2 protein chains.
Amino acid sequence: MILLLDHSKGRPLYRQIYDQLIGALAGRRLSPGSRLPTVRRLAADLSVNLHTVRRAYVMLAEAGLISLERHNGARVLALPPPSPALSDRFGAELRRLVAEGLAGGLTPDLITELCQQAVADLSQPPL
Amino acid sequence: MILLLDHSKGRPLYRQIYDQLIGALAGRRLSPGSRLPTVRRLAADLSVNLHTVRRAYVMLAEAGLISLERHNGARVLALPPPSPALSDRFGAELRRLVAEGLAGGLTPDLITELCQQAVADLSQPPL
DNA sequence: CGATTGATATAGCAGACATATAACAAAGTG
DNA sequence: CACTTTGTTATATGTCTGCTATATCAATCG
């Protein structure tokens with residue numbers, strides 16, 4: 001459970017925690033059933049307030065990715081089935097991002113290649 | 001020049017303006033050399049403060065996509081060449097987004113398909 | 001000249017972000 | 001049982017962002 005935070009006011013801290021846990025979940029470095037550190041523990045490790053960590057945990061719980069259990073920390077849930085709602089939101093964000101790339105001069109081929117590379121890298125099980 | 005704003009505090013207004021102009025640029029509905037409305041004009045049309053529109057325009061100008069000309073409004077610039085810096089930023093954001101999709105249960109195949117579809121739709125010239 | 005336009009500055013208000021503290025209830029530990 | 005741990009809730013404070021409101025300036029166009 002190694003998280004690195006950048007305090008330079010770029011991306012909110014709770015978002016960085018959320019993003020990195022999402023990355024660990026996507027890469028199966030955190031598998032269903034495994035435990036996450038307690039809110040207070042992780043907050044201490046990251047030298048961050050307990051509410052900042054909690055906010056990230058609550059977001060993950062609301063997304064159905066972890067369960068927050070009283071007195072037991074958080075546990076990783078099973079991979080949810082593909083949901084049309086998530087697929088729609090994902091598609092919308094993806095279109096925004098792709099539009100930005102195209103408008104900035106990236107070629108359709110390069111964008112497609114970057115996407116396939118990202119999927120391949122991230123969906124790889126850990127060594 | 002039809003822009004629709006959502007005032008429900010989801011995405012900042014200046015960002016929505018920026019996003020929609022980016023979309024028009026990516027889809028070639030705004031081609032190099034063409035004019036954008038003046039800051040004051042667009043602000044009036046959108047019932048929004050002039051600074052809000054200006055912020056979007058300045059972001060586009062800083063990205064090298066339009067030129068802000070005194071007394072002449074803004075003009076769309078030529079499509080910039082692919083830049084490694086943009087490619088890197090794009091790749092990083094794409095990986096974040098893909099990780100979120102994978103963690104949420106979307107399959108690698110579905111994600112790849114959505115990406116190809118987005119590229120195909122957006123890089124299509126207007127009818 | 002007079003209107004328009006981008007540029008700049010300042011001020012105010014609401015909300016988000018992060019911190020600090022405190023307290024509570026339920027569960028585990030000794 | 002007493003004690004600690006843990007998630008949960010609440011309040012307060014300071015800083016930053018988003019948006020608006022106003023005003024002024026300099027350059028340009030008709």
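Per chain, numbering begins at 1; letters A, B, ... match sequence-line order. Because the structure is a prediction, the values reported are computed rather than measured. Reckoned from all heavy atoms, side chains included, excluding hydrogens, waters and symmetry mates.
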Only pairs under 3.5 Å count here: list side-chain donor-acceptor contacts from residues 1-12 of chain B, not counting sequence neighbours, and write none if there are none.
from, atom 1, to, atom 2, distance (Å)
B:D6, OD1, B:S8, N, 3.0
B:D6, OD1, B:S8, OG, 2.7
B:D6, OD2, B:S8, OG, 2.8
B:R11, NE, B:D19, OD2, 2.6
B:R11, NH2, B:D19, OD2, 3.3

- Between B:H71 and A:Y14, which has a closest nucleotide on DNA chain C that is more 5'? B:H71
- Item | Residue closer to the 5' end of DNA chain C, A:H7 versus B:R70 (nearest nucleotide) | B:R70
- Query: Do A:L102 and B:I22 come close enough that some side-chain heavy atom pair is under 4.5 Å?
  - Reply: no
Hey, can you pull the donor-acceptor pairs under 3.5 Å for the side chains in residues 73-84 of chain A, sequence neighbours left out?
from, atom 1, to, atom 2, distance (Å)
A:R75, NH1, A:E69, OE1, 3.2
A:R75, NH1, A:E69, OE2, 2.5
A:S83, OG, A:A85, N, 3.3
A:S83, OG, A:L86, N, 2.9

Could you go through residues 109-122 of chain A and list every donor-acceptor pair under 3.5 Å that involves a side-chain atom there, pairing it with any protein atom two or more places apart or in another chain?
from, atom 1, to, atom 2, distance (Å)
A:T112, OG1, A:P108, O, 2.9
A:D121, OD2, B:R95, NH1, 3.0

- Message: Contact list please: residues 61-69 of chain B against DNA chain C, heavy atoms, distance less than 4.0 Å, in numerical order.
- Response: B:L68, B:E69
- Mind checking which nucleotides bracket the chain A contacts on DNA chain C, 5' to 3', with an atom under 4.0 Å from a heavy atom? C:dC17 to C:dA27
- Message: For a quick check of understanding: with a heavy-atom distance under 4.0 Å over all strands, which category does B:R54 fall into, base, sugar-phosphate or nothing?
- Response: base
- Heavy-atom pair of closest approach, residues B:A26 and A:A99: CB-O, 3.4 Å
- Query: Of all residues at least two apart in sequence or in a different chain, which pass the side chain to side chain contact (heavy atoms under 4.5 Å, CB included) check with A:R70?
  - Reply: none
- Item | Inter-residue atom distance B:I17.CD1 - B:L42.CG, 0.5 Å rounding | 6.0 Å
- Message: If I take atom CG from residue A:L13 and atom CZ from residue A:R15, how far apart are they, to the nearest 0.5 angstrom?
- Response: 13.0 Å
- For DNA chain D, determine which residues of residues 38-51 of chain A have any heavy atom closer than 4.0 angstrom to one of its atoms, and list them numerically. A:T38, A:V39, A:R40, A:H51
- Message: For B:Y18, give me all partners under side-chain hydrogen bond (donor to acceptor under 3.5 Å, both in side chains), at least two apart in sequence or on another chain.
- Response: A:E100
- Message: Suppose the criterion is salt bridge (charged side-chain N to carboxylate O under 4.0 Å, His left out): which pairs have a residue in residues 21-41 of chain A, not counting sequence neighbours?
- Response: A:R41-A:D45
- Query: Do A:Y14 and A:L25 sit in the same hydrophobic cluster, where Ile, Leu, Val, Met, Phe, Trp and Tyr count as joined when their side-chain heavy atoms come under 4.5 Å apart?
  - Reply: yes
- Give the cluster check for A:L21 versus B:L106: same hydrophobic cluster or not, with ILVMFWY residues linked at side-chain heavy-atom distances below 4.5 Å. no
- Message: If you assign each of A:G73 and B:R11 to its closest nucleotide in DNA chain D, which residue comes earlier from the 5' end?
- Response: A:G73
Hey, can you pull the donor-acceptor pairs under 3.5 Å for the side chains in residues 53-65 of chain A, sequence neighbours left out?
from, atom 1, to, atom 2, distance (Å)
A:Y57, OH, A:P37, O, 2.8

- If you fit an axis to the five pairs at each end of the helix from C:dC1-D:dG30 to C:dG30-D:dC1, how big is the angle between those two axes, to 10 degrees? 20°
- Would you grab the first and last nucleotide of DNA chain D (5' to 3') that comes under 4.0 Å of any non-hydrogen atom in chain A? D:dT6 to D:dA10
